[in-house]
Number of protein chains: 2
Amino acid sequence: MGRSNMQQKTLIKLRPNLTRLSQTAPPTLAAFAIWVLDHYDEVAFSSIRSLADKANVNANTVTRLSKELGYDGYDAFRADVQLALRARTIGYAARAEALRNRDGGDVYSEMIAANRANAEAVFSPEMLRLIEQCVPTLLVARRIYAVGVRSCYSIAHYLSYVGGMAFNNFVSVPAQPGSILDQLSRAGPEDIVIAISFEHYSTEVIRATQIARDVGARVLSITDSHASPIAAGAWRVVPLPMEGPQFMPSINAALIVAELLLAGMMARSADAVANIKSFEDRIEKFGGYQRGAPVSG
Amino acid sequence: MGRSNMQQKTLIKLRPNLTRLSQTAPPTLAAFAIWVLDHYDEVAFSSIRSLADKANVNANTVTRLSKELGYDGYDAFRADVQLALRARTIGYAARAEALRNRDGGDVYSEMIAANRANAEAVFSPEMLRLIEQCVPTLLVARRIYAVGVRSCYSIAHYLSYVGGMAFNNFVSVPAQPGSILDQLSRAGPEDIVIAISFEHYSTEVIRATQIARDVGARVLSITDSHASPIAAGAWRVVPLPMEGPQFMPSINAALIVAELLLAGMMARSADAVANIKSFEDRIEKFGGYQRGAPVSG
DNA sequence: CCGTTAATGATTCATTTGCATTATTTTTGC
DNA sequence: GCAAAAATAATGCAAATGAATCATTAACGG
């Protein structure tokens, strides 16, 4: 207990120490300290030499940094970083235990791994940048059409329903599939069409992107590949992984993107929250909502 | 892209493979496979010998397991596990960098943290057990009704659409809100009603659970609390966190539960995959699908 | 009972590892 | 401009690592 506490203390000090070195230490060492700050976890998995290679410094620089940080040597330094990584893993063991020897445990663990991979892909810096780039345009668009059918209908519906609560440029998705195309034919260059489809790509959504192109509307494609038929000629393409058990690709990444887009828009809009509030008031007034039972505490 | 995709695939398959080995492999190897399942991250940080020491097996067993898993040797195995660990860490630094000094960066990082927390809650052993308990009953149910309105309509739609592809007891959700109650009045004790609603709880879904109770159907409530009005008298309650930015609760956890339920059902059903196949064939026949452009490689 | 085979363990060997030592370059004070 | 000092790079070495090979043990059929 005492020992782990002490180690945690050193862990907490690690980043500040590195930052300090990046300012006070000699050039090469300082540069390497910065590199370590940006590639923290490489330390956990690399030897002195391989780390030196990756950072383009001499192997000795690695050893000297370790000592400069107060460690006996590189081994001690690395052990500390590994400890930090392990801390994030706690709980995985318990789940593994729970899953083992259970019918269908494979499926669940596959889903968990897939979900994590999908989510991390969406949360990559590039993807976030891409999503952020879309936000300002969506905010000023005259109309936003969300188009998705079959299993992707849920995403389209979520987008336009929640979007419609906060913004007045979201067009609500029609119940009858055919009307999507009717609706789109009235779109124009100031409108955005958010098209959502994954393999197998549905004809209706492909057709929707074609119409969008014809009327000059910009297409934001949420799909599984740049080679997707709905990515052709699109204004923006958000390519997503759909990992899942063999028989069931996951649309989870798509929902996360939808939520990120909406959150990004709301964060930049002054009225969004007020709009939601009045939207909910309206529904409550007409009896659409009901308060839950009072919760103790 | 190709390479990272491939690695991702192998990563996702890693745990199932270990589970398989823990059942089919010779005793020592099987025992070690189980140990690895429970001490997943030790692999990332240990050498053959140190891992063997920790697991109390011969060093050779470690090498054998690696090969049995399809790797060239221990190095390849460890690299894969490290990749999995990195996936969880990756970007903590890069992402922080990307988010910093960016408009709305807070929102994105909040979403990321929230999403992770929500997903982890669903993946907790207790929650997985709960979900798994529902599966057998759902498989033999006469009819399964998925009920959700407003933002939760997307979840209900996803459940019944994808469920309907693989199983014939899923009832497709009606477009008009009113018809939900009409439909439900025809339900009976052999039916399951999956009710999805979060605060503010929608009157229609609450009413649906009441009708379900009246006709003797069992209710599986996907909601945010045991105190939820749709949890009262429910057969099973799946309480979910909906963490998100203040103004926008996330329904991501609900989608994950939906996917887990479906995956769990499919894994236990012999015809499910065949049903999906024939379903897709049917749609393709009528021109609902279109092939994507050929992908290079 | 034996002999065959699969499973496990021990030994060996070329590499790689971390670290100390030595050599070289760069910086600094005058 | 140059010597002293500091910083950086190169070298050497004992200990470790990963993987191949060989030896032992257990399981099973005839």
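Per chain, numbering begins at 1; letters A, B, ... match sequence-line order.
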To the nearest Å, how far apart are B:E68 CD and C:dT8 C1'? 13 Å
Of all the nucleotides listed (C:dA7, D:dA9, C:dG18), which has the minimum atom distance to the side chain of B:P26? C:dA7
Can you measure B:N56 atom CG to C:dG9 atom P for me and round it to whole angstrom units? 11 Å
Between C1' on C:dT17 and CG on A:N58, what's the gap in Å once rounded to a whole number? 15 Å
Would you mind telling me which of C:dA7, C:dG9, D:dT8 lies closest to the side-chain atoms of A:T28? D:dT8
Under 3.5 Å, is there any donor-acceptor pair linking the side chain of B:R64 to the base of C:dG9? yes
Rounded to whole Å, the CG-P distance (B:L51 to D:dG18) equals 9 Å
Under 3.5 Å, side chain of A:E259 to main-chain N/O of B:I251, donor-acceptor pair present? yes
Looking across every strand, which nucleic acid part, if any, lies under 4.0 Å from A:T63 by heavy atom: base, sugar-phosphate, or nothing? nothing
Would you call A:E132-A:R268 a salt bridge at under 4.0 Å N-O? yes
Integer-rounded Å distance: C:dA6 P and B:N60 CG: 17 Å
Evaluate whether atom NZ of B:K277 has more than 12 neighbouring non-hydrogen atoms of other residues, nucleotides or ligands under 6.0 angstrom away. no
Any Lys/Arg nitrogen of B:R116 or A:E120 sitting under 4.0 Å from an Asp/Glu carboxylate oxygen of the other? yes
A:F77 CZ to C:dC19 P: how many Å, rounded? 12 Å
Which part of the nucleic acid, if any, lies within contact of B:D75, taking any heavy atom under 4.0 Å across all strands shown: a base, the sugar-phosphate backbone alone, or nothing? sugar-phosphate
Determine the interplanar angle of the B:F77 and B:Y74 rings, folded into 0 to 90°, and report it as parallel if under 30°, tilted if 30 to 60°, perpendicular if over 60°. perpendicular
So if I take every side-chain heavy atom of B:I48 and compare against C:dG18, D:dA19, C:dT8, which nucleotide ends up nearest? D:dA19
Any side-chain N or O of A:S47 below 4.0 angstrom from OP1/OP2 of C:dT17? yes
Rounded distance (Å) that lies between atom P of D:dA19 and atom CG of B:L65: 13 Å
Against the side chain of A:T61, the closest entry in C:dT8, D:dA9, C:dG18 is D:dA9
Would you kindly give the CZ-to-C1' distance between B:R78 and C:dT17, to the nearest whole Å? 12 Å
Compare side-chain N and O positions of B:K67 against OP1 and OP2 of D:dG18 and report whether any pair is under 4.0 Å apart. no
Of the options D:dG18, C:dT17, D:dA7, whose atoms approach the side-chain atoms of A:R49 most closely? C:dT17
